[in-house]
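The structure under discussion appears below in the form of structure tokens.
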Amino acid sequence: MPCESAHYTETAKWLHWLMAAFWISAWALGFCAVHWHAVNEDHQVTFWHKAIASTLLFLIVLRVAWRLTHPAPALPGNMTPFMRKAAHHGHLVLYAVALMALPLSGWLWSSVVGRSILVLGLFPLPPLTGEHSSLAPYVKGFHTYVAWACGVLVAGHGLIALKHHVIDRDGVLRGMLPGRRA
């Protein structure tokens, strides 16, 4: 395994912020599609929600490959062993749930109701399964609960980054900004 680096690479930083922008946009569009029916009468909000969210499936492959070949910098020295473990596990949960389970469950939901997904409106994803409308309420429920859990995870991730910046003043947030070092 490669040794730890002193800083995140610029590519890692750009992938982080690009995925954050895509994820937040997809989450907000999904919320609007479900809760503000008046703005989604023609299903364009749903179309763009799917188009943006499905892109995360491709970006996560790039991000994981980059991360495996370019290790993250060491955590700040002022972190306790418990905090280090929590940070490691928290990032694993973000990758697994917010970046993989959420878009995969949305893809499955579209598959069981027989609706297509166009990645960025350019090309279709193949269905994960045939149409099974009897499963739709369960898959929808799972996707909805995962989305809310992810919203809490992502908000917590942002709040912890702000804590590092405002309270700890340890450079963690600055070190994740493109063009900056901690």
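None of these values were measured; they are calculated from a predicted model. Index from 1, following the sequence.
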Set of residues satisfying salt bridge (charged side-chain N to carboxylate O under 4.0 Å, His left out) with respect to Lys163, sequence neighbours excluded: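 Scan of Lys163 (salt bridge (charged side-chain N to carboxylate O under 4.0 Å, His left out), adjacent residues dropped) gives Asp168.
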
Suppose we screen for salt bridge (charged side-chain N to carboxylate O under 4.0 Å, His left out). Which residues come up paired with Glu10, at least two apart in sequence or across chains?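 Salt bridge (charged side-chain N to carboxylate O under 4.0 Å, His left out) list for Glu10, sorted by chain: Lys13.
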
Do Val146 and Val97 make a side-chain contact, defined as non-hydrogen atoms from C-beta onward lying under 4.5 Å apart?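 SC-SC contact between Val146 and Val97 confirmed.
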
Below 4.5 Å, heavy atoms only, C-beta onward: do Trp66 and Thr9 meet side chain to side chain?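 Side-chain contact under 4.5 Å: yes.
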
In chain order, what residues pass the ring pair (Phe, Tyr, Trp, His ring centres under 6.0 Å) check against Tyr138, with sequence neighbours excluded?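 Expected list: none.
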
Check against side-chain contact (heavy atoms from CB on, under 4.5 Å), Val112 and Leu128: CA-CA 8 Å; Val112 299; Leu128 289 174; over 6 Å; no

side-chain hydrogen bond (donor to acceptor under 3.5 Å, both in side chains) partners for Thr55, two or more places apart: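 For Thr55 there are no side-chain hydrogen bond (donor to acceptor under 3.5 Å, both in side chains) partners, ignoring immediate neighbours.
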
Are [X] and [Y] in one and the same hydrophobic cluster, where Ile, Leu, Val, Met, Phe, Trp and Tyr link if side-chain heavy atoms are under 4.5 Å apart?
X      : Y      : answer
Leu94  : Leu159 : no
Val152 : Val93  : no
Trp48  : Ile117 : yes
Ile52  : Leu122 : yes
Val166 : Leu177 : no

Do His164 side-chain atoms and Asp170 backbone N/O form a donor-acceptor pair below 3.5 Å?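 Such a contact is absent between His164 side chain and Asp170 backbone.
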
Just list the side-chain donor-acceptor pairs under 3.5 Å for residues 14-25, sequence neighbours left out, or say none.
residue	atom	partner	partner atom	Å
Trp17	NE1	Met176	O	2.7
Trp23	NE1	Ala98	O	3.1
Ser25	OG	Ala21	O	2.7

Under 3.5 Å, which donor-acceptor pairs link side chains of residues 100-109 to any protein atom two or more places apart or in another chain?
residue	atom	partner	partner atom	Å
Ser105	OG	Ala101	O	3.1
Ser105	OG	Leu102	O	2.9
Ser105	OG	His143	ND1	2.7
Trp107	NE1	Pro126	O	2.8

Less than 3.5 Å apart, which donor and acceptor atoms pair up between the side chains of residues 27-38 and the rest of the protein, not counting sequence neighbours?
residue	atom	partner	partner atom	Å
Trp27	NE1	Ala147	O	2.9
His37	NE2	Val34	O	3.1

Scan for side-chain hydrogen bond (donor to acceptor under 3.5 Å, both in side chains) pairs involving [range], sequence neighbours excluded, and state none if there are none.
range            : answer
residues 146-158 : none
residues 111-122 : none
residues 90-104  : Arg63-Tyr95

Roughly how far, to the nearest 0.5 Å, is the OG1 atom of Thr129 from the CG atom of Leu135?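 It comes to 7.5 Å.
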
Contacts of Tyr145 that satisfy side chain to side chain contact (heavy atoms under 4.5 Å, CB included) - sequence neighbours left out: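 Partners of Tyr145 by the side chain to side chain contact (heavy atoms under 4.5 Å, CB included) criterion come out as none, since no residue qualifies.
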
How about CZ on Phe47, more than 12 heavy atoms from neighbouring residues, nucleotides or ligands closer than 6.0 Å, or not?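 Above 12, so yes.
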
Do you know the tightest heavy-atom contact between Leu57 and Val61?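 What the structure gives for the nearest pair is O-CG2, 3.5 Å.
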
Could you pull out all donor-acceptor pairs under 3.5 Å where a side-chain atom in residues 71-84 meets a protein atom, sequence neighbours excluded?
residue	atom	partner	partner atom	Å
Thr80	OG1	Met83	N	3.1
Arg84	NE	Met79	O	3.4
Arg84	NH2	Pro76	O	2.9

